[in-house]
Amino acid sequence: MAAARRAAAGDPRAGFRRAAEPSPAVPQGLIRAARKSGQLNLSGRNLGEVPQHVWRINLDTPEEAHQNLSFGAADRWWEQTDLTKLILASNKLQCLSEDVKLLPALTVLDVHDNQLTSLPSALGQLENLQKLDVSHNKLKGIPEELMQLSHLKSLLLHHNELSCLPDGFGQLVNLEELDLSNNHLADIPTSFALLINLVRLNLACNQLKNLPADISAMKSLRQLDCTKNYLETVPSKLATMASLEQLYLRKNKLRSLPEFPSCKLLKELHAGENQIEILNAENLKHLNSLSVLELRDNKIKSVPDEIALLQKLERLDLANNDISRLPYTLGNLPQLKFLALEGNPLRTIRRDLLQKGTQELLKYLRSKIQDDVTNPNEEPPVTAMTLPSESRVNMHAITSLKLLEYSEKQAAVIPDEMFNAVGSNPVATVNFSKNQLSEVPPRIVELKDSLCDVNLGFNKISSVSLELCVLHKLTHLDIRNNFLTSLPEEMEALTRLQVINLSFNRFKVFPSVLYRILALETVLLGNNQVGSIDPLQLKKLDRLGTLDLQNNDLLQVPPELGNCETLRTLLLEGNPFRTPRAAILAKGTAAVLEYLRSRIPA
């Protein structure tokens, strides 16, 4: 409160430009509660302007003080808390008063989804401000004074009409998140190089023709989104950004990709809808962590054999290019779950094979490697003299691909000879999908020292056995299309599990053990009967990027889910809840999370 009085001292008339009468749009009860909590949420109240007594909340003697001279402990208005959080989102504000400076204790100011055309220079006096959201307005510029907010960590300016930024942007040295997407920016100030604490930078949907090479000085940057600009090249220095994990370059005018010698942590590279013609080995060979490579709708003519070095690749999208042949070594990628090749003039792969899906395609590519390579240690070919049981075991797959496969056999149990054949060979991937299994094969425990990826999808499994819970190296688990209703608490031991697919089962509640598997990046629970989720527990999963809860029985979506800010993909369609409405869901994950955050009670 003392801070508020000091701010007023600079101008004795401050806050008296209009009569300080309470606006009927803001009930006194809200103001009283805000004096105690330090938080005031006025979102969605149709406000054309902010009532004067809101700015003066920590200065004026409260109305009730004049009426009641005997105060209980609850009514000690002189012990009020300085306002630290003010939410004015989704109103009809066309301007903000300079009186905003009367709230110097503010750490969060949210005025997104209004009709602001400018910001008051007094914002620069809010020296405690850490988060400023002015997205979805009509701002044409930013006052220089804003650059004085040295404690600012999150600045959201997306969906405005900005065509240039102040040169002093680099003064915001503590900034961790900056969203400038959907504006009219043609260039970026070179002082951006000073934003060394920035983790997320979104420049999508602007008019950028190039990026300053100095951007590479952002040593903390993990996520850079430059989708839908006019970039013809990417500065080669970008390749030295050692922290970068996600890079979005879609819908630009790139003719080639840079080499990435230092981007050892890069997990996702999205460069579809460009004019890339050549994919060099140099572009790829350093990307040891890459799990998503999206290059659809380009003009790529060939794929280098070195693509087989991307051992962690899970999604590869090469649709609609000019590729006529593929390296068969693609079939060796152990984690590959999704391969899109449609719209290419492939000569060696029949069109009907392309439509059968990724696993069939990889199986075909692996079979071609065997045709190509005459390996002296290879198993003898199947002849009339070979016993039928021996011919079922693909020793090449076990020794070369570290793959144990027995899928689409409609089998009720996995034959012992499959496990016997493994011997001392390390097996990384097991595929027992599309059978009639009623339980997890008990002998799977024999593979615990090497097994990373298990596919038991499309079976009749009704419970997960403890054998599965000791596979301590497991990173990917697919048990979709079974009869599961719960998961055992012992699964907490799967500390490396990153991806779990539980869709098309019979879960009625979100399996509580998942909240404790902190490595999870993708949870697929679509097409179950889940009725609720716990957003506070979910927030502990600080690597969770994808959560699929489509076609469940969610009657409501808890607003606190909006605080799970690591989510890049949140799928909620097909549930019986009323809000968020379909129009908000259609805007995508970022918009849904933003909407949910705006609904969190103050």
Side-chain angles (χ1 to χ4, degrees), residues 328-329 331-337 356-484 494 501:
Y328 295 139
T329 47
N332 278 346
L333 288 173
Q335 311 281 359
L336 199 61
K337 305 277 188 303
K356 284 186 178 173
T358 299
Q359 293 310 316
E360 286 296 315
L361 200 47
L362 295 178
K363 199 187 292 184
Y364 167 78
L365 291 171
R366 286 195 289 268
S367 74
K368 299 301 282 184
I369 298 174
Q370 287 170 266
D371 295 349
D372 271 13
V373 180
T374 49
N375 188 336
N377 301 325
E378 207 162 48
E379 292 298 300
V382 178
T383 66
M385 296 300 293
T386 311
L387 292 173
S389 63
E390 286 175 29
S391 69
R392 285 200 287 190
V393 180
N394 182 345
M395 284 309 296
H396 172 80
I398 293 173
T399 55
S400 301
L401 308 176
K402 300 181 182 177
L403 166 71
L404 183 60
E405 179 163 26
Y406 195 80
S407 62
E408 298 187 62
K409 302 278 194 285
Q410 301 305 308
V413 291
I414 303 299
D416 279 337
E417 72 207 76
M418 295 301 296
F419 290 101
N420 296 342
V422 171
S424 61
N425 290 295
V427 166
T429 304
V430 157
N431 182 0
F432 293 156
S433 63
K434 299 185 180 172
N435 282 297
Q436 302 283 325
L437 304 178
S438 58
E439 62 173 5
V440 176
R443 286 189 66 183
I444 203 166
V445 73
E446 296 169 20
L447 312 175
K448 71 177 180 3
D449 291 330
S450 57
L451 196 55
C452 302
D453 189 333
V454 170
N455 187 347
L456 292 165
F458 299 92
N459 278 289
K460 296 183 174 178
I461 299 170
S462 56
S463 67
V464 170
S465 65
L466 299 186
E467 282 89 357
L468 198 70
C469 303
V470 297
L471 303 177
H472 57 96
K473 292 197 172 172
L474 203 62
T475 59
H476 290 71
L477 178 57
D478 188 342
I479 338 181
R480 76 182 95 168
N481 293 75
N482 277 281
F483 299 155
L484 298 174
L494 302 179
N501 190 342

Short side-chain to backbone donor-acceptor contact, [X] and [Y], under 3.5 Å:
X    : Y    : result
D478 : N455 : no
N431 : E405 : no
T475 : C452 : yes
N420 : M418 : no
N501 : G457 : no
K473 : D449 : yes
D416 : R443 : no

- Note on the structure: Applying side-chain hydrogen bond (donor to acceptor under 3.5 Å, both in side chains) to N459 and not counting sequence neighbours gives none
- Partners meeting salt bridge (charged side-chain N to carboxylate O under 4.0 Å, His left out) with K337 (sequence neighbours left out):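 Salt bridge (charged side-chain N to carboxylate O under 4.0 Å, His left out) list for K337, sorted by chain: D453.
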Considering all heavy atoms of both residues, which atom of [X] and which atom of [Y] are nearest to each other, and what is their separation?
X    : Y    : value
L474 : L494 : CD2-CD1, 4.2 Å
V440 : S465 : CB-OG, 3.4 Å
A411 : Y406 : CB-CE2, 3.8 Å
I398 : A421 : CD1-CB, 4.2 Å
L456 : P441 : CD2-CD, 4.1 Å
L336 : Q359 : O-NE2, 3.8 Å

- Aromatic F483 / basic K460 pairing, under 6.0 angstrom, 45° off normal: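 No, K460 and F483 do not form such a contact.
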- Item | Test item: L468 and L477 side chains (from C-beta on) under 4.5 Å apart, heavy atoms |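 In short, these two side chains touch, coming nearer than 4.5 Å.
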Nearest 0.5 Å, what's the [atom1]-[atom2] distance between [X] and [Y]?
X    : Y    : atom1 : atom2 : value
L362 : S367 : CG    : OG    : 11.0 Å
I444 : L471 : CD1   : CG    : 5.5 Å
I461 : N481 : CD1   : CG    : 11.5 Å
F419 : L404 : CZ    : CG    : 6.0 Å
T429 : L401 : OG1   : CG    : 9.0 Å
E408 : K363 : CD    : NZ    : 5.0 Å

